[in-house]
There are 2 protein chains.
Amino acid sequence: MTKTDSTWMAIALAEARAAAAAGEVPVGAVIVAPDGVQLASTANRVERDADPTAHAEILAIRAAAKTLGSPRLIDCDVFVTLEPCAMCAQAISLARVRRLVFAAYDPKGGGVEHGARVYQHATCHHAPDIVGGVRESEAGQMLKDFFQARRA
Amino acid sequence: MTKTDSTWMAIALAEARAAAAAGEVPVGAVIVAPDGVQLASTANRVERDADPTAHAEILAIRAAAKTLGSPRLIDCDVFVTLEPCAMCAQAISLARVRRLVFAAYDPKGGGVEHGARVYQHATCHHAPDIVGGVRESEAGQMLKDFFQARRA
């Protein structure tokens, strides 16, 4: 049975929850192959890896590409709990991802619907289909709780 | 003796030349610490690694961050032979790089002076100082030769 967007997002949210428990900004990502098989499930590891590029989406793209043996994730879908930043949005374009489904919008750091708006330029060679707001409130609450706890 | 921008770029160009010989789009990058020590020297490895994120800048940032044990490359400088794409430009911002020096401008794929113009948005939390055009003609010719040979 094919999983729904909401079901895939629940897996990404579980990744985000685990990241928060490890002291990382809670963002999780899942990549799904055209046949509905999960290729990668990752969470943000910037602090643990001491790697500024270790956002959940980058780690998921690298893992999925390794599994497929190709730098192009043709017809694959990315599910992520937060609107991607410009780095991750461009990586999704370079990987030729088919659909990008995200949960919370990110007016401060997002690069899809905000800021650099990576896909909205004539020079963008590939833009995925985009669905925002899937399980938005869960993802948003998790981020809010994380940053409130960190400030306290 | 402190190396000049042009001297650092020559090292990045040597990396790019090696990439071309290996069938990769010829782009090279170098990262230099505030004390003038070279932290990383890398070339594009997208095809070899089957990794769409394996641009020279991303590989250099990951290597330098690993060496420093920190996701933030405070006061470090990045030298790269081609204007970074939006992915690499945002990674440079996330890493808190001080200066970005690049050789050739990239009207088709660049994300600094073209396209997404990653640093030119109110939500960009950190923008490096930018110098474009250092050894521009050498870098541009290398890319031109590479793509001409590939079309032939």
Side-chain angles (χ1 to χ4, degrees), chain A residues 24-25 44-55 57-74 76 83-97 106-127, chain B residues 24-25 44-55 57-74 76 83-97 106-127:
Chain A
E24 302 276 358
V25 175
N44 176 32
R45 287 203 309 256
V46 167
E47 300 303 327
R48 193 183 91 183
D49 290 2
D51 179 355
T53 75
H55 285 188
E57 303 95 309
I58 298 287
L59 297 173
I61 287 168
R62 296 180 62 214
K66 193 173 183 184
T67 296
L68 295 177
S70 164
R72 282 158 286 276
L73 308 179
I74 307 292
C76 292
E83 178 188 342
C85 74
M87 172 178 75
C88 295
Q90 181 65 36
I92 285 165
S93 172
L94 292 167
R96 303 287 185 265
V97 164
D106 186 2
K108 288 187 187 169
V112 176
E113 305 286 348
H114 302 90
R117 290 180 168 80
V118 165
Y119 307 128
Q120 298 180 21
H121 303 277
T123 53
C124 179
H125 304 304
H126 172 86
Chain B
E24 301 276 357
V25 174
N44 176 33
R45 288 205 309 259
V46 166
E47 299 303 327
R48 192 183 94 183
D49 290 2
D51 178 357
T53 75
H55 285 189
E57 303 94 308
I58 298 287
L59 297 173
I61 287 169
R62 295 180 63 214
K66 195 174 182 181
T67 296
L68 295 178
S70 164
R72 282 159 286 276
L73 307 178
I74 306 292
C76 291
E83 178 188 341
C85 75
M87 173 179 74
C88 295
Q90 181 66 36
I92 285 165
S93 172
L94 292 168
R96 303 287 184 266
V97 164
D106 187 1
K108 287 185 186 169
V112 175
E113 305 285 349
H114 302 91
R117 291 178 166 81
V118 164
Y119 307 127
Q120 297 180 22
H121 301 278
T123 53
C124 179
H125 303 304
H126 172 86

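Any value given below was found using the heavy atoms of this structure, including those in side chains, with hydrogens, waters and symmetry copies removed. Note that the structure is predicted; figures quoted are calculated from it, not measured. So that the names make sense, note that chain A is the first sequence line, chain B the second, and so on, each numbered from 1.
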Would you give me the side-chain donor-acceptor pairs under 3.5 Å for residues 83-92 of chain B, sequence neighbours excluded?
unit_1: B/E83; atom_1: OE1; unit_2: B/D106; atom_2: N; d: 2.9
unit_1: B/E83; atom_1: OE1; unit_2: B/H114; atom_2: ND1; d: 2.8
unit_1: B/E83; atom_1: OE2; unit_2: B/V112; atom_2: N; d: 3.1
unit_1: B/E83; atom_1: OE2; unit_2: B/E113; atom_2: N; d: 2.8
unit_1: B/E83; atom_1: OE2; unit_2: B/H114; atom_2: N; d: 3.3
unit_1: B/E83; atom_1: OE2; unit_2: B/H114; atom_2: ND1; d: 3.2

Exercise for the section: With rounding to the nearest 0.5 Å, note down the distance linking CD1 in A/I61 to CG in B/D51. Expected result: 9.0 Å
Practice task
Supply the atom-to-atom distance B/T53 OG1 to A/E57 CD, rounded to the nearest 0.5 angstrom.
Solution key: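 Those atoms lie 12.0 Å apart.
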Handout entry: Proximity breakdown for A/S70 and chain B, heavy-atom pairs closer than 4.5 Å
Key = backbone
Practice task
Name the region of A/R72, side chain, backbone, both or neither, that has any atom closer than 4.5 Å to a heavy atom of chain B.
Solution key: side chain
Problem - Closest-packed option against chain A by number of heavy-atom pairs under 4.5 Å, given B/E47, B/R117, B/K66, B/Q120 - result: B/E47
Problem - Donor-acceptor pair, side chain of A/N44 and main chain of A/E24, under 3.5 angstrom - result: no
